[in-house]
Amino acid sequence: MISLDPRGLVNRALLVGVSEYDFTEPPHGVPGDLPSVKRNLNRMREALAGGQVFGERDVKVLPSPSLAEFGQALQRSAREAEGLLLVYFAGHGAIPSGGDELFLQMRDAKVIAGRHTVFHGAEKFSDLLATMLATSPAQRIVVVLDCCFAGNAAPVWEHFDDKRRVLLLMSVQANHRIDAGDARTPTPFTAALAALLDEDRDTTLSDLADRLRGRMTALGLRTLRDDPWEPQLRTDLGVDVLLRSKATEDGGGNPVLPVPVPVPPPPGPGPVLRSFRALLSAPLAPLRGVCATLIGRFRTIVVPHPPRRAVVRVVLPAVLAAGLLGLGVYGLLRHAGYVGDAPACDPPLELRVLTDPDLEPTIRAAADAYLTSDENTTGDGCRRTGATVYSAGSSDVVGALRGQTGAWQEPPDEDVNPQRDIGPQPDIWIPASRAEVDRVEDGQDTDAVAGLEADEEPLAYSPVVLAVPQNIASEALEDRTGLSLGEMVGDLTARDENAAVRRPDPEFTDMGLLATVGLYGEDGRAVARGERLVAQPGSPSPTAAELLCTLPDDDAVDNSTAALVPEFLLRSGVGCDLTTRSPRLAQYPDDVPGVEPTFVRVMWRGGHRDAPARDASAERFRDWLAGERGGGQVFARYGFRSADDQKLLDEEHVAEGVLREPTPLDESAGRDAMARTLDAYQEAGGPGRVLFLLDSSGSMTRLWKGPSGGPGLLRQSLGGLGGQDEYGVWAVAGTGDDPAYGALLPLGPHTRAEAERAVDTGARVRDAEADPHAALLAALDEMRDRGDDRRPQLIVHLTDGEDNNRLTGDRLDDVLTAARTSGVPVTVVSLQSGGCDRDRPDRRIADASDGRCLDADDDLGAALHDEVARTGTGEG
């Protein structure tokens with residue numbers, strides 16, 4: 001059997017227990033809260049941390065997370081694990097009709113039941129497996145599920161071709177619901193599981209599963225269908241992993257702690273003291289064993305059957321006095337240098353280093369190198385400082401340092417708790433841009449309990465590049481430098497109409513926000529245009545590294561999708577090396593700010609007790625990190641450039657696809673640009689505004705009725721709009737003295753029913769021609785005037801194109817100019833075949849506005865719905 005012993009490797013356990021749910025009322029709520037699950041987490045943490053495979057810091061507890069919070073924690077634990085990754089889930093499990101998938105329901109879970117059941121706020125088990133396999137270098141991945149229908153995860157696991165390193169333990173067989181048990185105790189399955197993990201024996205997962213089934217059978221536990229409750233195990237043939245190791249004990253029944261390798265002692269005393277030193281330099285654990293043995297001997301020989309009080313009053317004080325005398329002599333001699341083969345090192349002061357998620361691997365490597373460096377070692381061979389490196393979402397960190405430092409120091413309640421959501425109070429913060437420091441200082445509360453001291457110069461530099469698959473990239477130097485991001489994307493889509501662009505989440509990593517600065521332009525008005533350039537199904541990847549890991553999930557996507565990522569990732573790589581990625585060439589847009597890791601000292605009010613020592617430790621680490629022979633070597637190894645001249649720090653080992661000296665580069669991000677871009681990005685996901693222009697001229701008669709007619713397509717697209725969105729409908733028919741358009745539905749919020757009613761009763765074909773020139777100019781003016789609230793906006797023009805003879809010459813140029821400068825995308829729906837050919841007016845208007853042109857060759861109903869849904873909330 002291929003069994004892994006992960007001791008000594010980097011192991012991680014993520015314990016997720018959803019005991020409280022936001023939505024428990026019918027018709028869309030989950031069945032109810034699960035108070036017993038709250039007790040599961042502490043019980044499992046105790047059981048795992050006591051087994052020598054996981055240390056206390058290797059186990060992360062995640063109580064009642066939202067789906068987004070769970071995703072972030074999962075990716076972080078998955079990236080960090082090298083030996084064993086264990087993910088435990090307890091909460092509500094749900095299956096759709098047919099049971100072909102299992103959904104793990106998080107705190108924000110909702111159930112929309114109908115012809116097709118939809119589970120919002122739930123992690124699909126296949127997505128969970130895919131995420132772990134794509135992001136984790138762990139040699140073994142163990143998933144433990146304590147939920148209803150847990151056994152339905154087995155067929156999902158079976159369908160994964162690369163499942164060999166995944167071991168799956170399920171609380172119950174497929175299609176069975178289970179009882180959560182008493183609220184005062186853990187759930188029955190977890191109680192039995194933790195009890196077996198407490199047993200002091202070598203325990204592999206397969207052994208644990210066998211004993212677990214026997215234990216639950218002996219307890220007589222049954223499912224809610226009154227069948228025997230039978231936990232299930234799925235592993236590939238012969239694959240196993242050690243979960244707990246039996247403790248090694250001395251003769252007194254005490255665990256023997258690992259003894260560090262001794263260093264040569266300093267010149268010492270003569271043979272008598274050396275012999276005494278050898279006697280006293282034994283580890284303390286065996287000394288406790290000797291004491292225990294002596295007590296036993298006293299009880300057996302001196303007082304064979306003494307009353308308990310006699311032992312306490314006579315024997316125990318004598319033994320303790322002897323022990324304390326020995327320890328006192330031992331301590332004095334050790335302090336004097338006569339005892340012990342190694343110097344007496346005090347525990348090093350621990351620095352807490354918070355950084356951006358995409359910088360974490362580099363900063364962690366730098367911290368590891370610093371810990372063993374000469375600069376961090378005393379003359380006696382002792383370590384001066386330790387360092388704990390961790391990361392959190394960049395927007396969360398900036399928000400907490402601006403307005404939640406008091407809550408970070410002393411959380412007032414569960415709602416606002418940066419210690420839980422971000423991590424411990426940092427001594428050092430290393431964001432990816434100095435602009436983030438400026439954002440904190442510009443808006444920090446007057447009663448903040450944390451102050452920042454930022455270095456003037458960054459530690460290193462890395463441009464954000466457009467990493468284009470080689471099969472669709474241009475190798476010409478003029479295409480790879482000296483252009484704006486918009487120009488590069490335009491050239492890319494001109495070469496390959498199927499090309500797409502993606503960027504990481506601007507709220508979670510600074511890399512995504514820096515890329516978005518370029519997408520939105522200097523004035524930040526081209527929000528809709530920028531978002532359309534990076535439109536994708538689902539949410540953006542949280543980090544740039546994760547983006548590069550998920551693209552290869554689909555070869556067609558990987559081969560046609562450019563990624564906005566920091567250049568250093570093309571050298572250092574990411575944590576999914578088993579995944580084959582499309583080779584990429586780096587293009588260097590001149591309007592996207594670069595990554596500039598900046599050292600920031602964070603000082604907390606009330607931290608004066610060890611302030612001098614902590615200041616000295618932080619300063620030593622800063623000097624080493626900024627030095628060429630210290631941190632400079634780590635930044636070079638990870639593919640960074642010099643902050644001074646932007647040259648590669650390691651010019652001998654240059655990643656494929658990277659230019660040695662690209663120019664020009666946009667060096668730094670400004671505070672205002674970063675803040676403005678983040679606000680615009682957050683607003684872009686809010687309520688939108690859509691103006692429909694419905695061609696109602698006489699030529700539309702044959703294209704009017706039915707679901708594929710103009711009004712029918714408009715009605716179908718209303719599903720992408722919600723009650724908070726604003727939208728309106730203009731009927732476009734009229735030329736000369738006649739009005740070019742008339743409002744069927746005024747711009748504003750509406751229910752879908754009233755919108756459909758307005759279209760059904762008011763939309764009529766007129767015996768008139770249309771003037772798209774006048775209608776489009778008026779629509780662009782209308783949206784520009786309303787655009788100060790920065791809502792996402794869209795104009796939809798539904799037409800048969802018969803009146804495009806009024807869109808030629810200067811009249812077409814007027815519309816194209818207005819479309820380019822308005823910042824409002826125009827989606828043109830041409831109801832004739834070929835209406836979106838490259839030189840046709842409809843296509844040119846859509847391209848000028850960074851919109852989209854759809855014609856009869858497309859699936860118009862679905863495509864238009866998607867376009868509208870990108871602007872609207874889709875909640876109504």
Main-chain N/O of L547 paired to T550 side chain as donor or acceptor, under 3.5 Å: yes

4.5 Å side-chain heavy-atom contact, L816 and I845: yes

Between E546 and T135: side-chain donor-acceptor atoms closer than 3.5 Å: no

Beyond-backbone contact of Q75 with P542, side-chain heavy atoms, under 4.5 angstrom: yes

Distance, nearest 0.5 Å, that separates NE2 of H773 from CZ of R811: 4.5 Å

Flag side-chain contact, heavy atom, 4.5 Å: S696 against Y741: no

Salt-bridge present (R843, D855; N to O < 4.0 Å): no

Whether Y21 and H92 hold their rings parallel, tilted or perpendicular, with breakpoints at 30° and 60°: tilted

Test item: R806 side-chain N/O and P772 main-chain N/O as donor-acceptor pair under 3.5 Å: no

Where G728 and L747 come nearest, the two heavy atoms and their spacing: N-CD2, 3.6 Å

L721 to G872 - nearest heavy-atom pair and separation: CD2-CA, 3.9 Å

D358 and T509 side chains, donor-acceptor separation under 3.5 Å: yes

Side-chain H-bond candidate by donor/acceptor type, R503 with T516, under 3.5 Å: yes

Side-chain donor/acceptor of Q832 to backbone N/O of D800, under 3.5 Å: yes

CG-CZ distance between L104 and F70, expressed to the nearest 0.5 angstrom: 6.5 Å

Any donor-acceptor pair under 3.5 Å from D356 side chain to D510 backbone: yes

Lys/Arg-Asp/Glu bridge criterion (N-O < 4.0 Å) met for E754, R757: no

Side-chain heavy atoms of V796 within contact of L714, under 4.5 Å: no

Check: G490 main-chain N/O paired with T493 side-chain donor or acceptor under 3.5 Å: yes

Intermediate values then yes/no, salt bridge (Lys or Arg N to Asp or Glu O under 4.0 Å), D679 and R676: CA-CA 5 Å; D679 289 344; R676 182 176 61 242; over 6 Å; no

Test item: R584 side-chain N/O and S582 main-chain N/O as donor-acceptor pair under 3.5 Å: yes

Non-hydrogen side-chain atoms of V156 and E101 separated by less than 4.5 Å: yes

Contact check, side chains of F119 and P96, non-hydrogen atoms, under 4.5 Å: yes

Minimum heavy-atom distance V592-P589, with the two atoms named: CG2-CG, 3.7 Å

Backbone N/O of E507 and side chain of D505: donor-acceptor pair under 3.5 Å: yes

Gap separating the CZ atom of R107 from the CG atom of D22, nearest 0.5 angstrom: 5.0 Å

Step-by-step side chain to side chain contact (heavy atoms under 4.5 Å, CB included) determination, V829 to L831: CA-CA 6 Å; V829 181; L831 301 181; 4.1 Å; yes

Nearest atoms (heavy-atom pairs only) where H865 meets G720: NE2-N, 3.5 Å

Evaluation steps, side chain to side chain contact (heavy atoms under 4.5 Å, CB included), between Q716 and L713: CA-CA 5 Å; Q716 292 177 57; L713 291 171; 4.0 Å; yes

Heavy-atom side-chain proximity of L678 to S395 below 4.5 angstrom: yes

4.5 Å side-chain heavy-atom contact, S697 and E802: no

Smallest separation among heavy atoms of L745 and A755, with atom names: CD2-CB, 3.9 Å

N/O donor-acceptor pair under 3.5 Å between R766 side chain and A733 backbone: yes

Atom CZ of R844: over 12 foreign heavy atoms under 6.0 Å: no

Spatial distance of atom CD (E123) from atom CG (L129) [nearest 0.5 Å]: 9.5 Å

Donor-acceptor contact below 3.5 Å, side chain T701 vs main chain G698: yes

Sidechain-backbone polar pair: H120 side chain, A109 backbone, donor-acceptor under 3.5 Å: no

Y681 vs L519, side chain to side chain contact (heavy atoms under 4.5 Å, CB included): CA-CA, chis, key distance, verdict: CA-CA 11 Å; Y681 172 76; L519 285 170; over 6 Å; no

Distance, nearest 0.5 Å, that separates CG of L485 from OH of Y520: 12.0 Å

Other residues, nucleotides, ligands: >12 heavy atoms within 6.0 Å of E497 CD: no

Test side chain to side chain contact (heavy atoms under 4.5 Å, CB included) applied to M783 and S822, step by step: CA-CA 8 Å; M783 299 295 264; S822 69; over 6 Å; no

Inter-residue atom distance Q682.CD - T677.OG1, 0.5 Å rounding: 11.0 Å

Passing candidate, side chain to side chain contact (heavy atoms under 4.5 Å, CB included) with V489, options V468, L483, V534, L533: L533

Shortest non-hydrogen separation from D857 to G834 and the atoms involved: OD2-N, 3.8 Å

Salt bridge D725-R752, side-chain N to carboxylate O under 4.0 Å: no

